[in-house]
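See below for the structure under consideration.
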Amino acid sequence: MEVPPPLVLKRPLYVPSKTLMGPGPSNCSHRVLEAMSNPVLGHMHPECLQIMDDVKEGIKYIFQTLNDATMCISGAGHAGMEASLCNLIEDGDVVLMGITGVWGHRAGDMARRYGAEVHYVEASFGRALSIEEIRFAFETHRPRLFFIAQGDSSTGIIQQNIREIGELCRQYDCFLVVDTVASLGGTEFLMDEWKVDVAYTGSQKALGGPAGLTPISFSKRALTRIRKRKTKSKVYYFDILLIGQYWGCYGTPRIYHHTISATLLYGLREALAHFCALGLNSVVKRHQECSRRLQLGVEELGLEMFVQREEERLPTVNTIKVPFGVDWKKVAEYAMRKYSVEISGGLGPTVEHVFRIGLMGENAIVERVDMVLSILNEAIQSIKQRAVKTERSKI
């Protein structure tokens, strides 16, 4: 039997233009898109290695760290979560997962597969974890590793006490892993000063780069622990000692580990260059101002934010309660069909309860805040009017 070439591939590629106002990815700038159209380089070519070095320096800046073990994992944000856990966890290690949404549970699933004894400390619904709640869990479980998402994109909650958690982890000789995928660039994060052992983020959110590379950094303390493992990391692809050699982190000759995407490197390099030119504090301030403007607009529309405490609201992924009787899917479909604008629904514990509006990177500007508020209001009113007409037709 001969399998014929698929007819669909005879059609030219068509990619529509959309404004991505969901929880990520965000729209890439023209600078980033143009960078990715450059010729492909070999993954061990000196020019490619130089770009990797440039990216490494940019990552150190955005994390505010001097860690040598700073690099990218080839993969989406989940790859950072996997790499953090599989390198630090050995069989029987007690780990504690902070839960403010879906990501602590996801990390717990991964950790259990690496042989860890997993425990959870869970915040009240729609709330961040207090340092007292975390300290009580530490006293109860005595974890070797603690995981927390600084910003949980499923709930729109920000964990503001990472500095205090870092101090707590040192008191208990515990390693601190922080997921900053949805938060970095939208709020302050000081890796070294806050005593964070592993941090990773997403390239496709506030950074405004393409998805597929995950910036990550390991502290000297974490690296010492990894080098003293009784067994090798259980996943070759995520072995940070090998990836770090490829990235030139340890002062040893570079080795081939895998074939990195040169085009993704170009995009991330330019996204980081733009971010650095603007300045970290300026970028954070812009994201926070846009979120405050959105929150005021939501209130004016008679809608309600999901996270009740203003100081616990994540600036980059804003969660808005779906009004009673409104189908969030129809609202999202209306926005996409009429305006090619993405508005997302909830994830995990917030499914069908919230809209999620992302204000990240290119989309964290006043004009897009006002645009998405207008479209959200129009979509909700349209859905409500249709519902009334449907009810009348039944009478």
Side-chain angles (χ1 to χ4, degrees), residues 24-25 40-45 48-49 51-53 55-56 58-59 63 67-93 95 97 103 105-116 118 144-145 147 149 175 177-181 197-205 207 209-219 222-269:
V40 173
L41 290 172
H43 53 283
M44 295 299 288
H45 290 183
C48 185
L49 299 179
I51 294 171
M52 292 167 70
D53 288 342
V55 167
K56 187 164 53 178
I59 296 170
F63 280 146
N67 291 335
D68 292 330
T70 300
M71 64 202 82
C72 282
I73 306 294
S74 291
H78 276 75
M81 188 182 285
E82 292 273 17
S84 302
L85 300 174
C86 79
N87 279 280
L88 283 174
I89 292 172
E90 293 199 83
D91 288 340
D93 281 351
V95 302
M97 304 298 177
W103 301 116
H105 288 294
R106 186 69 55 87
D109 189 352
M110 291 180 184
R112 195 172 286 109
R113 296 174 190 225
Y114 296 131
V118 180
R144 186 64 171 160
L145 179 149
F147 169 91
F175 292 94
V177 176
V178 181
D179 177 320
T180 71
V181 169
D197 291 296
V198 186
Y200 60 92
T201 194
S203 55
Q204 75 279 17
K205 299 197 184 243
L207 289 182
L213 290 175
T214 298
I216 192 168
S217 185
F218 288 75
S219 69
L223 203 56
T224 298
R225 156 77 169 175
I226 293 166
R227 285 177 169 149
K228 290 182 177 179
R229 288 178 61 100
K230 297 172 186 175
T231 58
K232 290 182 178 181
S233 170
K234 291 188 176 182
V235 183
Y236 179 92
Y237 188 73
F238 294 131
D239 188 330
I240 219 68
L241 298 181
L242 299 177
I243 300 173
Q245 275 189 271
Y246 177 35
W247 276 81
C249 295
Y250 309 132
T252 56
R254 299 202 194 222
I255 63 166
Y256 163 73
H257 178 262
H258 67 283
T259 302
I260 199 165
S261 168
T263 50
L264 291 181
L265 278 174
Y266 309 156
L268 179 55
R269 193 245 185 231

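Remember, predicted model here, so these are calculated numbers, not experimental data.
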Quiz prompt | Salt-bridge criterion met for Arg225 and Asp93 (N-O under 4.0 Å) | solution = yes
Quiz item: Hey, does Gln245 have a side-chain heavy atom less than 4.5 Å from the side chain of Leu241?
Solution: no
Self-check item: Test item: Thr70 side-chain N/O and Ser217 main-chain N/O as donor-acceptor pair under 3.5 Å
Solution: no
Quiz item: For Phe218 and Asn67, what are the C-alpha separation, side-chain angles and deciding distance, and is it a side chain to side chain contact (heavy atoms under 4.5 Å, CB included)?
Solution: CA-CA 7 Å; Phe218 288 75; Asn67 291 335; 5.8 Å; no
Practice problem: Decide yes or no for Leu85 and Leu145: does some side-chain heavy atom of the first lie under 4.5 Å from some side-chain heavy atom of the second? | Solution: yes
Quiz item: Could you state the interatomic distance from CG (Leu49) to CD1 (Ile260), rounded to the nearest 0.5 Å?
Solution: 9.5 Å
Quiz item: If only atom types and distance count, is the side chain of Arg254 paired as donor or acceptor with the main-chain N or O of Tyr246 below 3.5 Å?
Solution: yes
Quiz item: Going by atom types alone, do Asp197 and Ser219 pair a side-chain donor with an acceptor below 3.5 Å?
Solution: yes
Self-check item: Pairs meeting criterion side chain to side chain donor-acceptor pair (under 3.5 Å) with involvement of residues 74-87, two or more places apart
Solution: Ser74-His258, His78-Arg106, Glu82-Tyr114
Practice problem: Take His105 and Met97, measure what side chain to side chain contact (heavy atoms under 4.5 Å, CB included) needs, and give me the verdict at the end. | Solution: CA-CA 7 Å; His105 288 294; Met97 304 298 177; over 6 Å; no
Practice problem: List in chain and number order the residues that pass side chain to side chain donor-acceptor pair (under 3.5 Å) with Tyr266, two or more places apart in sequence or in another chain; answer none if no residue qualifies. | Solution: none
Quiz item: Should Ile73 and Leu213 count as side-chain neighbours, where that means a heavy-atom distance under 4.5 Å?
Solution: no
Quiz item: What pairs of residues pass the side chain to side chain donor-acceptor pair (under 3.5 Å) test when at least one of them lies in residues 231-244, not counting sequence neighbours?
Solution: Glu90-Thr231, Asp91-Lys234
Quiz item: With no hydrogens and no angle check, is any side-chain donor or acceptor of Trp247 less than 3.5 Å from a backbone partner on Cys72?
Solution: yes
Practice problem: Check step by step if side chain to side chain contact (heavy atoms under 4.5 Å, CB included) holds for Val198 and Phe175. | Solution: CA-CA 8 Å; Val198 186; Phe175 292 94; over 6 Å; no
Quiz item: Looking only at side chains, do Asp179 and Tyr200 share a donor and an acceptor under 3.5 Å apart?
Solution: yes
Self-check item: Spacing of Leu268 atom CG and Thr263 atom OG1 [to the nearest 0.5 Å]
Solution: 11.5 Å
Quiz prompt | Stepwise side chain to side chain contact (heavy atoms under 4.5 Å, CB included) check, Thr201 with Thr214 | solution = CA-CA 6 Å; Thr201 194; Thr214 298; over 6 Å; no
Exercise. Answer yes or no: is there a side-chain heavy-atom contact under 4.5 Å between Asp53 and Lys56?
Key: yes
